[in-house]
Amino acid sequence: ADVINFDGQGVISYRFKVKKMKIIKDVIALRFKTSESEGVILHGEGQQGDYITLELRKAKLLLQINLGSNQYGSILGHTSVTTGSLLDDNHWHSVVIERYRRNVNFTLDGHTQHFRTNGEFDHLDLDYEVSTTCM
(Lines give C-alpha, C1' and ligand atoms only; values in the text may rest on other atoms or scores of the structure.)
Protein backbone atom coordinates (compact mmCIF):
# COMPACT_ATOMS: atom_id res chain seq x y z
CA ALA A 1 0.00 0.00 0.00
CA ASP A 2 1.09 3.54 -0.71
CA VAL A 3 0.13 6.57 1.35
CA ILE A 4 -0.24 10.12 0.03
CA ASN A 5 -0.67 13.04 2.44
CA PHE A 6 -0.99 16.71 1.57
CA ASP A 7 -2.30 19.98 2.91
CA GLY A 8 -3.24 23.14 1.05
CA GLN A 9 -4.09 23.81 -2.57
CA GLY A 10 -2.84 21.88 -5.57
CA VAL A 11 -2.67 18.52 -7.30
CA ILE A 12 -0.62 15.45 -6.46
CA SER A 13 0.05 12.78 -9.05
CA TYR A 14 0.95 9.23 -8.13
CA ARG A 15 2.87 7.34 -10.79
CA PHE A 16 2.70 3.56 -10.98
CA LYS A 17 5.93 1.59 -11.27
CA VAL A 18 4.91 0.32 -14.72
CA LYS A 19 3.59 2.54 -17.50
CA LYS A 20 0.28 0.77 -18.12
CA MET A 21 -1.84 -0.94 -15.53
CA LYS A 22 -4.43 -3.58 -16.45
CA ILE A 23 -6.10 -3.97 -13.08
CA ILE A 24 -8.62 -6.69 -12.23
CA LYS A 25 -8.77 -5.90 -8.50
CA ASP A 26 -8.10 -2.69 -6.63
CA VAL A 27 -8.70 -1.05 -3.28
CA ILE A 28 -8.57 2.72 -2.92
CA ALA A 29 -8.92 4.12 0.59
CA LEU A 30 -8.70 7.77 1.53
CA ARG A 31 -9.87 10.38 3.98
CA PHE A 32 -10.82 13.92 3.04
CA LYS A 33 -12.01 17.08 4.72
CA THR A 34 -13.34 20.06 2.78
CA SER A 35 -15.55 23.12 2.97
CA GLU A 36 -16.07 23.06 -0.82
CA SER A 37 -19.18 21.45 -2.33
CA GLU A 38 -17.64 20.82 -5.79
CA GLY A 39 -14.30 19.37 -6.85
CA VAL A 40 -12.40 16.35 -8.15
CA ILE A 41 -10.82 14.26 -5.41
CA LEU A 42 -9.23 11.49 -7.50
CA HIS A 43 -8.90 10.83 -11.23
CA GLY A 44 -7.13 8.26 -13.39
CA GLU A 45 -7.62 7.32 -17.04
CA GLY A 46 -6.21 5.15 -19.77
CA GLN A 47 -5.65 5.52 -23.49
CA GLN A 48 -8.41 3.00 -24.22
CA GLY A 49 -11.05 5.19 -22.59
CA ASP A 50 -11.12 3.53 -19.17
CA TYR A 51 -11.30 5.88 -16.18
CA ILE A 52 -12.08 6.23 -12.50
CA THR A 53 -13.12 9.56 -10.99
CA LEU A 54 -14.15 10.42 -7.45
CA GLU A 55 -15.57 13.89 -6.98
CA LEU A 56 -17.82 16.09 -4.91
CA ARG A 57 -20.92 17.36 -6.67
CA LYS A 58 -23.37 19.49 -4.72
CA ALA A 59 -21.71 18.23 -1.49
CA LYS A 60 -22.38 14.57 -2.44
CA LEU A 61 -19.73 12.01 -3.33
CA LEU A 62 -19.85 10.79 -6.93
CA LEU A 63 -17.91 7.78 -8.20
CA GLN A 64 -17.65 7.39 -11.97
CA ILE A 65 -15.95 4.36 -13.45
CA ASN A 66 -15.65 2.93 -16.95
CA LEU A 67 -13.98 -0.42 -17.50
CA GLY A 68 -14.40 -0.06 -21.24
CA SER A 69 -16.77 0.71 -24.06
CA ASN A 70 -16.50 -0.27 -27.69
CA GLN A 71 -16.45 1.93 -30.77
CA TYR A 72 -19.77 0.60 -32.03
CA GLY A 73 -21.70 1.71 -28.96
CA SER A 74 -23.00 -1.77 -28.22
CA ILE A 75 -20.94 -1.94 -25.00
CA LEU A 76 -21.28 1.10 -22.76
CA GLY A 77 -19.19 0.80 -19.63
CA HIS A 78 -19.84 4.15 -17.93
CA THR A 79 -21.18 3.66 -14.40
CA SER A 80 -22.02 6.46 -11.96
CA VAL A 81 -22.93 6.09 -8.27
CA THR A 82 -23.64 8.85 -5.73
CA THR A 83 -23.54 8.61 -1.95
CA GLY A 84 -23.66 10.87 1.09
CA SER A 85 -24.80 14.45 1.49
CA LEU A 86 -23.56 17.66 3.05
CA LEU A 87 -19.95 16.49 2.78
CA ASP A 88 -18.70 20.09 2.64
CA ASP A 89 -18.93 20.25 6.45
CA ASN A 90 -15.17 20.57 7.14
CA HIS A 91 -15.19 17.18 8.94
CA TRP A 92 -13.11 14.12 8.06
CA HIS A 93 -14.81 11.54 5.85
CA SER A 94 -13.51 8.06 5.02
CA VAL A 95 -13.92 6.51 1.57
CA VAL A 96 -13.08 2.98 0.45
CA ILE A 97 -13.55 1.73 -3.11
CA GLU A 98 -13.05 -2.02 -3.45
CA ARG A 99 -13.38 -3.50 -6.92
CA TYR A 100 -12.99 -7.06 -8.12
CA ARG A 101 -13.72 -7.34 -11.83
CA ARG A 102 -17.13 -5.62 -12.27
CA ASN A 103 -18.24 -5.90 -8.62
CA VAL A 104 -17.70 -2.76 -6.54
CA ASN A 105 -18.13 -1.91 -2.86
CA PHE A 106 -18.28 1.88 -2.41
CA THR A 107 -18.06 2.81 1.29
CA LEU A 108 -18.45 6.28 2.77
CA ASP A 109 -18.14 6.69 6.53
CA GLY A 110 -18.99 3.02 7.13
CA HIS A 111 -22.03 2.88 4.83
CA THR A 112 -21.48 0.58 1.85
CA GLN A 113 -23.18 0.45 -1.54
CA HIS A 114 -22.66 -2.69 -3.59
CA PHE A 115 -22.99 -2.42 -7.38
CA ARG A 116 -21.86 -3.98 -10.63
CA THR A 117 -20.34 -1.84 -13.35
CA ASN A 118 -22.03 -1.53 -16.74
CA GLY A 119 -20.57 -3.15 -19.81
CA GLU A 120 -18.80 -6.45 -20.33
CA PHE A 121 -15.17 -5.66 -19.48
CA ASP A 122 -13.63 -6.45 -16.10
CA HIS A 123 -10.20 -4.76 -16.18
CA LEU A 124 -9.46 -1.13 -15.40
CA ASP A 125 -6.81 -0.15 -17.95
CA LEU A 126 -5.04 2.94 -16.57
CA ASP A 127 -2.00 4.80 -17.78
CA TYR A 128 0.81 5.26 -15.32
CA GLU A 129 -0.70 8.04 -13.20
CA VAL A 130 -3.55 8.84 -10.79
CA SER A 131 -4.10 12.42 -9.64
CA THR A 132 -5.59 13.74 -6.41
CA THR A 133 -6.72 17.31 -5.82
CA CYS A 134 -6.50 19.43 -2.69
CA MET A 135 -9.66 21.35 -1.93
Side-chain angles (χ1 to χ4, degrees):
D2 294 296
V3 177
I4 300 173
N5 290 311
F6 52 89
D7 290 320
Q9 301 294 317
V11 174
I12 291 178
S13 294
Y14 174 78
R15 294 193 177 198
F16 302 117
K17 293 177 176 95
V18 293
K19 286 225 175 205
K20 280 189 131 180
M21 301 287 291
K22 189 170 186 168
I23 306 165
I24 197 165
K25 177 183 178 184
D26 46 39
V27 177
I28 299 169
L30 57 94
R31 289 174 38 109
F32 70 93
K33 176 170 70 168
T34 184
S35 59
E36 303 295 325
S37 63
E38 305 275 332
V40 175
I41 297 172
L42 175 107
H43 178 74
E45 63 185 56
Q47 293 179 2
Q48 296 181 22
D50 293 17
Y51 56 81
I52 184 167
T53 303
L54 183 66
E55 64 183 295
L56 281 175
R57 278 208 194 151
K58 297 180 181 176
K60 295 180 180 182
L61 198 58
L62 173 66
L63 173 63
Q64 298 184 83
I65 187 168
N66 189 335
L67 302 180
S69 299
N70 69 10
Q71 62 188 348
Y72 306 109
S74 61
I75 300 173
L76 300 175
H78 174 79
T79 306
S80 181
V81 176
T82 303
T83 190
S85 64
L86 304 174
L87 299 176
D88 55 348
D89 59 0
N90 210 27
H91 288 98
W92 285 104
H93 297 281
S94 297
V95 179
V96 179
I97 302 164
E98 301 170 284
R99 184 187 62 84
Y100 179 71
R101 298 189 183 271
R102 293 179 50 212
N103 299 304
V104 180
N105 292 331
F106 182 29
T107 305
L108 172 65
D109 296 334
H111 301 284
T112 302
Q113 288 190 46
H114 309 280
F115 66 92
R116 190 166 169 86
T117 59
N118 296 324
E120 296 177 9
F121 301 108
D122 59 7
H123 288 81
L124 180 60
D125 297 316
L126 295 180
D127 290 342
Y128 63 97
E129 186 174 275
V130 174
S131 299
T132 59
T133 305
C134 303
M135 293 184 289

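Heads up: numbering here begins at 1 and tracks the sequence. In this text, all values refer to a predicted model and were calculated from it rather than measured experimentally.
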Can you list the steps and then say if Leu56 with Glu36 is a side chain to side chain contact (heavy atoms under 4.5 Å, CB included)? CA-CA 8 Å; Leu56 281 175; Glu36 303 295 325; 5.6 Å; no
Full working for side chain to side chain contact (heavy atoms under 4.5 Å, CB included) between Lys58 and Ser37: CA-CA 5 Å; Lys58 297 180 181 176; Ser37 63; 5.9 Å; no
Verify side chain to side chain contact (heavy atoms under 4.5 Å, CB included) between Asp88 and Ser35, making sure each step is shown before the conclusion. CA-CA 4 Å; Asp88 55 348; Ser35 59; 5.6 Å; no
Quick one, Glu38 with Arg57, criterion side chain to side chain contact (heavy atoms under 4.5 Å, CB included). Give me CA distance, side-chain angles, the key distance, then yes/no. CA-CA 5 Å; Glu38 305 275 332; Arg57 278 208 194 151; 4.1 Å; yes
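Annotation: the span from His91 atom NE2 to Leu86 atom CG amounts to 12.0 Å, rounded to 0.5 Å. Arg31 CZ to Asp109 CG: the interatomic distance, rounded to the nearest 0.5 Å, is 9.0 Å. How far CG of Leu87 is from CG of Leu108: 5.5 Å, rounded to the nearest 0.5 Å. Put simply, CD1 on Ile41 and CG on Leu54 are 4.5 Å apart, with the number rounded to the nearest 0.5 Å. Taking CG of Asp26 as the reference point, atom CD1 of Ile52 lies at 6.0 Å (rounded to 0.5 Å).
Between Phe106 and Phe115, the two ring planes are perpendicular [angle over 60°; tilted spans 30° to 60°].
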Can you give the donor-acceptor pairs under 3.5 Å from side chains of residues 59-66 to other protein atoms, not counting sequence neighbours?
residue, atom, partner, partner atom, Å
Gln64, NE2, Glu55, OE2, 2.9
Asn66, OD1, Gly68, N, 2.6
Asn66, ND2, Ser69, OG, 3.4

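Considering His78, His123, Arg101, Arg102 as possible partners of Leu67, the one that fulfils the side chain to side chain contact (heavy atoms under 4.5 Å, CB included) test is Arg102. Just one residue in the list Gln48, His43, Gln47 forms a side-chain hydrogen bond (donor to acceptor under 3.5 Å, both in side chains) with Glu45, and that residue is His43.
Using modelled atom types, no side-chain atom of Ser94 and backbone atom of Trp92 make a donor-acceptor pair closer than 3.5 Å.
Looking at residues two or more places apart in sequence or on another chain, you find no side chain to side chain contact (heavy atoms under 4.5 Å, CB included) involving His111.
Contact detail for Asn118 and Leu76: the closest heavy-atom pair is CB-O, 3.4 Å.
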